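Everything quoted here is computed from the prediction, not taken from an experiment.
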2 protein chains.
Amino acid sequence: MAARHIMLGTVVGMGLGGAAAFLYVRRQQQPAARLPDGTEIRHQVFKHGMPVGDRLRVFTDYASSFDTRLRNPRWVLEHIDADKVASREGSRKGSGFVEDKGIERRFRSTLDHFRNSGYDRGHMAPAANHKRSQEAMDQTFILSNTSPQVGAGFNRDYWARFERFVQDLSRRCDDVWVVTGPLYLPQPAPGGAPGTYVMNHPMIGTPPQLMAVPTHFFKVVLGEFSGGRRAAVGAFVMPNAAIHPQVPLASFTVPISALEEVAGLRFFPGYLSDTRREAIDETALAVQRVGHAELQLLNPGHQPLLLPLPANSAQAVPAAAAGAVAAAALGGSLAVQPTDQRRSLGAVHVCEHTECRLSAEQLWENGGRPGSRKGKGELQRTKSAPP
Amino acid sequence: MAARHIMLGTVVGMGLGGAAAFLYVRRQQQPAARLPDGTEIRHQVFKHGMPVGDRLRVFTDYASSFDTRLRNPRWVLEHIDADKVASREGSRKGSGFVEDKGIERRFRSTLDHFRNSGYDRGHMAPAANHKRSQEAMDQTFILSNTSPQVGAGFNRDYWARFERFVQDLSRRCDDVWVVTGPLYLPQPAPGGAPGTYVMNHPMIGTPPQLMAVPTHFFKVVLGEFSGGRRAAVGAFVMPNAAIHPQVPLASFTVPISALEEVAGLRFFPGYLSDTRREAIDETALAVQRVGHAELQLLNPGHQPLLLPLPANSAQAVPAAAAGAVAAAALGGSLAVQPTDQRRSLGAVHVCEHTECRLSAEQLWENGGRPGSRKGKGELQRTKSAPP
């Protein structure tokens with residue numbers, strides 16, 4: 001009887017053990033894929049691999065995600081500080097645009113895309129932010145760090161002054177993180193019913209490997225100050241078009257949430273809790289209103305922007321009208337007093353920490369040093385591609 | 001002397017050890033992020049986190065990547081076999097469309113996007129492929145598995161017949177993997193110079209949380225047969241528009257490489273080596289030419305397609321002209337003999353393995369069973385959203 005029980009137990013045990021081993025081996029045989037947090041998942045659907053899309057690229061001084069469909073960066077994330085900006089170790093003279101060999105040729109942005117396109121190869125992480133070493137600077141010239149930008153009036157002018165603003169911010173903070181990228185903002189459908197929208201932007205190059213021309217560009221900045229206990233945060237969106245030099249920077253301030261929703265991205269997820277983002281966005285809207293009010297003073301005929309994001313327009317301000325009222329309008333009206341509650345969050349809007357004003361319009365002409373004409377190269381005057 | 005050497009050595013050693021420990025700790029303090037292959041990378045830029053974009057979603061019977069910018073799936077990858085397709089465990093009767101709670105509300109596709117939009121909530125992984133369990137079927141009704149599709153003439157007709165073709169393929173293979181997704185194909189710029197292109201497609205919903213309406217949809221199929229030693233592979237692209245029922249399926253065959261380049265995706269990277277893809281694409285072009293030739297027979301006035309991808313047109317075939325020549329044209333001209341060299345790759349084009357013909361136009365009316373009218377629900381007649 002005992003023997004039979006032992007036999008029975010053995011058979012049952014063999015069965016259980018065998019089944020467990022079978023299930024274990026079967027599970028191990030399931031193809032694996034990884035979640036973004038590194039977790040490995042085994043699933044039959046992954047036997048021949050998961051479709052491969054955007055590419056994460058990590059360099060000495062910045063990281064980026066490359067959009068293999070539109071052949072533009074999706075975002076470029078950089079860290080800058082006063083040292084990196086002040087350093088002279090790296091120079092643009094030794095740098096030239098190169099294709100990103102870390103991305104298969106048929107998915108990358110190429111020199112050919114830009115050639116004769118009429119667009120600049122506009123840096124996302126600016127070369128002038130990464131002068132700490134020649135390697136760091138050279139890496140900003142990798143084409144996956146560039147997007148087709150309108151040159152005159154934008155990349156070489158207003159956008160360059162905006163980049164200078166971010167550099168200046170690094171001198172007023174301990175450390176600054178910046179995310180820069182292209183946007184493709186929908187427009188009201190031409191001739192369509194109110195409330196109908198279309199996506200519409202040029203594509204350059206040769207099918208099927210076309211590159212998108214963005215309608216807008218964004219920057220989100222996060223500057224730590226007070227030894228990292230507080231941070232100044234803000235988001236800006238500008239049209240990829242010539243912008244009149246007197247348009248106030250404040251008018252390009254946007255709520256981070258709205259930017260996130262059109263970009264399909266969440267920024268600084270380790271810092272921007274919903275509470276912090278909401279507090280900053282409240283200020284952003286106030287700053288934007290001040291900016292728009294200034295714009296109205298500069299140009300009374302100016303059309304209201306498509307809130308909560310700027311419309312795809314160059315927001316041209318007639319130079320004649322602008323000059324007369326500029327001095328009066330640009331009179332420190334941006335000051336926004338943060339409440340105690342918001343202060344306790346540790347986060348303020350960047351325009352509360354640093355006055356959101358661009359450097360003088362002529363700054364780029366002398367490299368920021370009065371009387372000097374040498375520094376031009378430092379100011380993102382990205383040259384057009386040779387024909 | 002010896003004591004001094006020992007002292008000196010100790011000091012040098014302390015310095016080296018201290019420096020090593022400092023660098024080690026500093027490195028450990030660097031914020032971490034993960035590469036798609038799971039490798040952890042530590043880099044100062046990641047202190048406040050990396051921007052978060054598309055979401056990977058893994059369900060019982062399929063996996064997908066959701067495009068948080070265009071609020072559409074980027075791709076949906078499913079595994080099917082004859083059993084899953086034949087099973088009756090799951091039924092559509094208990095299933096209804098639900099939002100994907102795994103994605104933040106402001107980034108997901110919602111019931112509101114589709115309401116009164118005029119578009120169907122078109123399944124990417126079809127419900128009828130996942131009848132093995134009610135759970136598996138229910139999961140196909142999660143909105144992140146749907147895209148806005150034209151209903152009459154497409155989602156409820158030609159596309160449904162195409163889905164039936166893929167189901168039939170699962171009966172002729174051991175296992176089938178399918179990737180389905182939306183496409184946004186550029187068009188020649190209206191009134192622009194030759195060779196200039198624009199992206200142009202509607203966006204539905206309310207800004208800034210708009211959802212894109214794709215111009216086209218694709219499927220890439222990989223069917224293993226001969227016990228997994230061989231595979232039939234192919235890619236198809238169809239416009240998001242009513243398609244005349246007699247347009248031959250072969251005319252929607254596209255080279256996988258061209259599809260990959262407009263989608264920004266590499267498909268089945270574990271299987272499709274460059275050599276295999278090139279061999280399959282060669283056949284794909286031959287099949288496409290046969291399909292286009294048939295189309296010309298059906299409709300002599302038909303405009304040539306934008307090669308290597310179909311243009312955004314419904315490719316309408318006048319019914320009167322079509323009927324007369326259909327019988328003659330659809331005469332088995334698709335047979336393509338694979339060469340020995342291509343056979344040795346183990347990969348053939350799907351139209352070499354299975355005749356690329358859609359089921360009869362009226363099939364959906366009786367659920368595939370002659371004389372029966374019960375099975376309608378099985379055939380992807382996705383209902384329009386209630387007003």
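- Under 4.0 Å is where a charged nitrogen must lie from a carboxylate oxygen, and between E224(B) and K47(A) at least one such pair does.
- If you measure heavy-atom distances from L77(B) to chain A, the contacts under 4.5 Å come from both the backbone and the side chain.
- Taken from CE in M203(B) to CG in L185(A), the straight-line distance is 9.5 Å, to the nearest 0.5 Å.
- In this structure, chain A has a heavy atom under 4.5 Å from the side chain of F107(B), while its backbone stays farther away.
- At a 4.5 Å heavy-atom cutoff, the contact between L210(B) and chain A is made by side-chain atoms alone.
- The pair E261(A)-R69(B) does not meet the salt-bridge criterion, since no charged nitrogen lies less than 4.0 angstrom from a carboxylate oxygen.
- D274(A) pairs by the side-chain contact (heavy atoms from CB on, under 4.5 Å) definition with R277(A), E278(A), not counting sequence neighbours.
- Heavy atoms closer than 4.5 Å to chain A are found nowhere in T206(B), neither backbone nor side chain.
- Rounding to the nearest 0.5 angstrom, the gap separating the CG atom in L56(A) from the CD1 atom in I41(B) is 5.5 Å.
- Atom-to-atom distance recorded for E260(B):CD and T68(A):OG1 is 10.0 Å, nearest 0.5 angstrom.
- Between V52(B) and P269(A), the shortest heavy-atom distance links the atoms CG2-CG, 3.8 Å.
- Between H43(B) and T60(A), the closest heavy-atom pair is NE2-O, 3.1 Å.
- Proximity to chain A is limited to the backbone of F59(B), based on heavy atoms less than 4.5 angstrom apart.
- W177(B) contributes no side-chain N or O that, together with a main-chain N or O of G49(A), makes up a donor-acceptor pair within less than 3.5 Å.
- Within the 4.5 angstrom heavy-atom criterion, only side-chain atoms of L222(A), from C-beta onward, approach chain B.
- Interface summary for chain B: among M50(A), R74(A), R55(A), the most heavy-atom pairs under 4.5 angstrom belong to M50(A).
- Contact annotation for L272(B): neither backbone nor side-chain heavy atoms come within less than 4.5 Å of a heavy atom of chain A.
- Of all heavy-atom pairs between G53(B) and L265(A), the closest is CA-CD2, 3.7 Å.
- Using a 4.5 Å cut-off on side-chain heavy atoms (C-beta onward), P51(A) and R266(B) make no contact.
- When side chains are defined from C-beta on, Y197(A) counts as touching P207(B), because their heavy atoms get closer than 4.5 Å.
- Of the atoms belonging to A263(B), it is backbone heavy atoms, and not side-chain ones, that fall under 4.5 Å from chain A.
- Of the listed residues (F267(B), W75(B), F46(B), Y271(B)), the greatest number of heavy-atom pairs within a distance under 4.5 Å of chain A belongs to W75(B).
- Both the backbone and the side chain of H201(B) come within less than 4.5 Å of a heavy atom of chain A.
- R132(A) pairs by the salt bridge (charged side-chain N to carboxylate O under 4.0 Å, His left out) definition with D61(A), not counting sequence neighbours.
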